Student: 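Okay, here's the structure, questions in a sec.
From a predicted model like this one, the values you see are computed outputs, not experimental measurements. Sequence lines set the chain letters: A, B, ... in the order given, protein chains first and strands last, and positions in each chain run from 1.
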Amino acid sequence: MLDIRWIRENKEETEKRLASRHGGDEAKVDQLLQLDQKRRALLTEVEQLKSDRKAVSKEIGALIGQKKLEEAEAKKAATKEIGDRIAELDQQANQTTEEQQDILLTLPNLPHETVPAGVSETDNPEIRQWGEKVSHPFPPKTHVELCEQLGLIDFARGAKLAGSGFLLYTGWGARLERALIQFLLDLHTKEHGYTEVSPPFVVNPDCMTGVGQFPKFYDQAYAVQEGQDSSTLGKLYLIPTAEAPVANIHREELLREDQLPIYYCAYSPCFRAEAGAAGVGTRGMIRVHQFDKVEMIKIVPADQGYAELDAMVGNAEKVLQLLDLHYRVILLCTGDMGFASAKTFDIEVWAPGQGSFLEVSSCSNCEDYQSRRMNLRYKNKDGKNVFPHLLNGSGTALARLFVALIETHQQEDGSIRIPKPLQPYLGADIIPAP
RNA sequence: GGAGAGAUGGCUGAGUGGUCGAAAGCAACGGUUUGCUAAACCGUCGUCGUGGGAUAACUGCGACCGCGGGUUCGAAUCCCGCUCUCUCCGCCA
């Protein structure tokens, strides 16, 4: 959420930076500021009345104390009207505040000044590459072929159980998935200083609003209900990412600066309805309704957000380096960034079977956009309460990592070579050919 | 699911209609002092909103004692609803 006072004093810049996202949100600023003005005018009026009432009430108390009951009764009658007027204005002020808040919640974050202008993903500059595309001395198979031949995933039965877009990992496939999760968590906790947490896989709507999923992306989430009791629908949602619970761990808290920075990492499955998206329904595991992910979250002092973001991208890159996978780092342009983010780096891994790069990580600094929504603050050294920067990054998404891994390290005989750092987790150095 | 108890400032915890934004303690911050990585003493010390002021220091006003309503001239305090926590019982992995 943006700071209404900042918008008030920087109207043109707000509009300009919103416009750079090409979402049309700059059109809402005028109405927002009108509501703000109306709200403040109402407050001025009602607060004056409240002040008056308070003074009179005090006099009444004194009069009763002096047993001057008649005078007290007279004042009571006079004050009654003020009370009615106050109730009326209060109601108007609340409604105006609510309308203003509704608009604020639909405005995305402002892009950081270092974010390149652009409309779509084709405008995203590549920052760097690591490694190079493997050249197999044979035509590389796609992950779908490999999964079926090696019995890693039973696509048909996955769909039978839950529909298209849901995967049934089997045998070595299930084992590889588990090994990867373990490997990632160990890497981030032992090498990168993150504290592991294991959060609920459902959250309440406040958490979804806190990270910016709601109200804009209601239809992307799976809402759950208890049994057939439709009155419970909407109280809990399957998490689209561990960011939803983990970033909210300290919501509505006031932290001390010496508690920062906080680094969390968490494994969770991620559930995405992908309503209206193309791709679900096609075979494979590139775009699915449920996938595993290890997520990194940082809560840091406001002046350290961008240094911490660079470090986080490095943490995600390390995963791919250890797994010997070719990748590139992309900086998202203004038009392609996520709703809550001020600056985002994507990491895309090379998948030879697909002949394309796959996004496996997205690392963002949301600055104070989310902490403001969730009212998470820390007391700085000057004793001021300030909103920390909140960062999130995939470290990394599993399904696509799985794809890149088996497509990259497939051997001519149909087996999969396992990179050394992963071997202890899988308990094998190869997934044998069928 | 049933019965009971509770929710107060960063934390602990008093406070049952006006003098309460709220005692006290802890923590924090500033200072004094003591020869021993500490103690004692003094002082400061909630948040948010809105106005004045230089987008400062400071300051006026309002709101906030889990959340939302109600009663009242006036509510932390009384009434209703909700959420959460704890204890006991039931069910259950």
Side-chain angles (χ1 to χ4, degrees), chain A residues 1-14 32-33 35-101 104 198 200-207 209-210 226-229 231-232 234-236 245 248-260 262 299 302 368 371-388:
Chain A
M1 190 161 64
L2 304 176
D3 182 359
I4 184 64
R5 279 176 298 192
W6 194 89
I7 297 175
R8 199 186 292 153
E9 282 155 25
N10 301 275
K11 176 169 184 277
E12 283 179 19
E13 191 184 340
T14 303
L32 180 69
L33 289 178
L35 284 167
D36 178 50
Q37 201 163 21
K38 182 179 171 193
R39 180 186 123 256
R40 286 185 294 147
L42 284 166
L43 282 178
T44 305
E45 193 179 351
V46 75
E47 285 179 4
Q48 181 60 52
L49 289 174
K50 283 181 180 174
S51 176
D52 294 346
R53 179 178 67 181
K54 214 177 204 177
V56 177
S57 287
K58 241 174 197 160
E59 290 173 30
I60 292 173
L63 288 172
I64 292 174
Q66 296 162 30
K67 306 271 189 239
K68 296 181 181 169
L69 297 181
E70 278 175 35
E71 285 179 52
E73 286 305 318
K75 278 192 193 288
K76 275 191 195 180
T79 317
K80 178 85 175 149
E81 281 174 36
I82 299 184
D84 294 344
R85 178 73 181 143
I86 287 174
E88 192 181 312
L89 288 172
D90 254 345
Q91 200 270 332
Q92 285 181 38
N94 287 341
Q95 192 189 328
T96 308
T97 303
E98 216 168 285
E99 287 172 24
Q100 175 187 305
Q101 200 69 1
L104 272 177
S198 180
F201 297 156
V202 291
V203 291
N204 62 34
D206 288 341
C207 289
T209 302
E226 296 173 19
Q228 297 301 310
D229 182 357
S231 74
T232 62
K235 291 184 174 174
L236 291 172
N248 276 290
I249 287 176
H250 298 286
R251 64 173 297 123
E252 288 160 49
E253 289 184 24
L254 180 60
L255 303 170
R256 298 184 314 273
E257 182 156 9
D258 63 24
Q259 291 178 271
L260 304 183
I262 293 172
I299 305 171
D368 62 359
S371 50
R372 198 180 291 281
R373 280 177 171 247
M374 57 180 76
N375 197 24
L376 162 62
R377 298 163 301 165
Y378 68 96
K379 196 174 278 294
N380 71 11
K381 295 189 175 75
D382 299 328
K384 300 271 188 232
N385 296 337
V386 296
F387 294 104

Student: Closest to the A:E9 side chain: B:rA63, B:rU55, B:rU47?
Tutor: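 Nearest listed nucleotide: B:rU55.
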
Student: What's the closest nucleotide to the A:L43 side chain, out of B:rA57, B:rG74, B:rG49?
Tutor: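 Looking only at heavy atoms from C-beta outward on A:L43, the closest nucleotide is B:rG49.
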
Student: Send over the distance from A:I60 CD1 to B:rU19 P, rounded to a whole Å.
Tutor: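 Roughly 13 Å, once rounded to whole Å.
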
Student: Is there a donor on the side chain of A:E47 or the base of B:rG49 sitting less than 3.5 Å from an acceptor on the other?
Tutor: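 Counting by modelled atom types and ignoring angles, a donor-acceptor contact under 3.5 Å is found here.
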
Student: Taking C-beta and beyond as the side chain, do A:I262 and A:L255 meet within less than 4.5 Å on heavy atoms?
Tutor: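 Yes, at least one pair of side-chain atoms sits under 4.5 Å.
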
Student: Are the side chains of A:L32 and A:D36 in touch, meaning some heavy atoms are under 4.5 Å apart?
Tutor: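 Not in contact.
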
Student: Rounded to the Å, how far apart are A:K58 NZ and B:rG18 C1'?
Tutor: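 Taking NZ of A:K58 and C1' of B:rG18, I get 9 Å after rounding.
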
Student: For the P atoms, the ones on B:rA22 and on B:rA27, what distance do you get once it is rounded to whole angstrom?
Tutor: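 Roughly 23 Å separates the two P atoms.
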
Student: Would you say B:rG49 has OP1 or OP2 under 4.0 Å from some side-chain N or O of A:R39?
Tutor: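 Looking at the OP1 and OP2 atoms of B:rG49, neither is under 4.0 Å from any side-chain N or O of A:R39.
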
Student: At under 4.0 Å, does any side-chain N or O of A:R8 touch on OP1 or OP2 of B:rU55?
Tutor: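 Result: no.
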
Student: So if I take every side-chain heavy atom of A:R40 and compare against B:rU50, B:rA63, B:rG10, which nucleotide ends up nearest?
Tutor: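 Minimum distance to the A:R40 side chain belongs to B:rU50.
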
Student: Taking atom C1' in both B:rG66 and B:rU47, what distance in whole Å separates the two?
Tutor: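 Each nucleotide's C1' atom is 16 Å from the other's.
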
Student: Nearest-Å distance, CD (A:Q48) to C1' (B:rA63)?
Tutor: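 About 15 Å, once rounded to whole Å.
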
Student: Heavy atoms, side chains only, cut-off 4.5 Å: are A:L104 and A:Q101 in contact?
Tutor: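 Counting from C-beta outward, A:L104 and A:Q101 do come under 4.5 Å.
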
Student: If I take atom NZ from residue A:K75 and atom OG from residue A:S57, how far apart are they, to the nearest 0.5 angstrom?
Tutor: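 Here the interatomic distance stands at 11.0 Å.
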
Student: Side-chain N or O of A:K54 less than 4.0 angstrom from OP1 or OP2 on B:rG18?
Tutor: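 Answer no for this pair, as no side-chain N or O of A:K54 is under 4.0 Å from OP1 or OP2.
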
Student: More 5' along RNA chain B: A:N385 or A:R53, using each one's nearest nucleotide?
Tutor: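 Closer to the 5' end of RNA chain B: A:N385.
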
Student: Using atom C1' of each nucleotide, how far apart are B:rU34 and B:rC41 to the nearest Å?
Tutor: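 Going atom to atom, C1' in each nucleotide, I get 11 Å.
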
Student: Is it true that a side-chain atom of A:S51 and a backbone atom of A:E47 form a donor plus acceptor pair closer than 3.5 Å?
Tutor: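 Side chain of A:S51 to backbone of A:E47: no pair is present.
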
Student: Taking the nucleotide of RNA chain B with the nearest heavy atom to each, does A:S57 or A:D52 sit closer to the 5' end?
Tutor: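 On the 5' side of the pair lies A:S57.
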
Student: Would you mind reporting whether A:Q95 and A:E99 have side-chain heavy atoms less than 4.5 Å apart?
Tutor: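 A side-chain contact exists here, since the closest heavy-atom pair is under 4.5 Å.
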
Student: Mind calculating the distance between NZ (A:K75) and C1' (B:rU72) to the nearest angstrom?
Tutor: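 Going from A:K75 (NZ) to B:rU72 (C1'), I get 18 Å.
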
Student: Got a minute to check which stems RNA chain B is part of, using Watson-Crick or G-U wobble pairs under 3.5 Å, three or more consecutive?
Tutor: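 The stems are B:1-7 with B:83-89, B:10-12 with B:24-26, B:28-32 with B:40-44, B:46-52 with B:58-64, B:66-70 with B:78-82.
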
Student: Provide the distance between the two C1' atoms, one in B:rC88 and one in B:rA28, to the nearest whole Å.
Tutor: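 Per the computed distance, 40 Å lies between those C1' atoms.
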
Student: Name the closest nucleotide to the A:R377 side chain, picking from B:rC48, B:rA63, B:rG49.
Tutor: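 For the A:R377 side chain, the nearest candidate turns out to be B:rC48.
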
Student: From the set B:rG49, B:rA63, B:rU47, return the single nucleotide nearest to any side-chain atom of A:R5.
Tutor: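 The answer is B:rG49.
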
Student: Which value, in whole Å, describes the distance between the P atoms of nucleotides B:rG25 and B:rG46?
Tutor: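 Comparing P positions in B:rG25 and B:rG46 gives a spacing of 15 Å.
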
Student: A:I82 has an atom CD1; how far is it from atom C1' of B:rU72, in whole Å?
Tutor: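 Roughly 15 Å, once rounded to whole Å.
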
Student: For atom NZ of A:K58, decide whether the heavy atoms of other residues, nucleotides or ligands shown that lie under 6.0 angstrom number more than 12.
Tutor: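 No, NZ of A:K58 has 12 or fewer neighbouring heavy atoms, counting only those of other groups under 6.0 Å.
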
Student: Rounded to whole Å, how long is the line connecting atom CG of A:N204 with atom C1' of B:rC67?
Tutor: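 In whole Å, B:rC67 C1' lies 14 Å from A:N204 CG.
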
Student: When the C1' atoms of B:rC65 and B:rA76 are compared, how many Å lie between them, rounded to an integer?
Tutor: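 Between the two C1' atoms, the distance is 5 Å.
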
Student: Is A:L33 close to A:Q37 at the side-chain level, that is, under 4.5 Å between some pair of heavy atoms?
Tutor: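 No, every pair of side-chain atoms sits at 4.5 Å or beyond.
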
Student: Which of the following nucleotides, B:rU47, B:rC73, B:rA63, is nearest to the side chain of A:K76?
Tutor: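 Of the options given, the side chain of A:K76 lies nearest B:rC73.
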
Student: Does a side-chain heavy-atom distance below 4.5 Å link A:Y378 with A:V386?
Tutor: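 Side-chain contact under 4.5 Å: yes.
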
Student: Rounded to whole Å, how long is the line connecting atom CG of A:N94 with atom C1' of B:rC67?
Tutor: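 The answer, rounded to whole Å, is 14 Å.
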
Student: Expressed as a whole number of angstroms, how long is the span from A:K50:NZ to B:rG74:C1'?
Tutor: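 It is 13 Å, rounded to the nearest whole Å.
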
Student: Take atom C1' in B:rA40 and the same atom in B:rG21, then report the distance between them in whole Å.
Tutor: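 Straight-line distance between the two C1' atoms is 31 Å.
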
Student: Looking only at atom C1', what distance separates B:rG9 and B:rU44, rounded to whole Å?
Tutor: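 Straight-line distance between the two C1' atoms is 16 Å.
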
Student: What is the nucleic acid contact for A:K384, judged by heavy atoms within less than 4.0 Å: base, sugar-phosphate only, or nothing?
Tutor: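 A:K384: backbone/sugar contact only, no base atoms under 4.0 Å.
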
Student: If the cut-off is 4.0 Å, is A:T44 near the phosphate of B:rU50, judged by side-chain N/O to OP1 or OP2?
Tutor: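 Result: no.
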
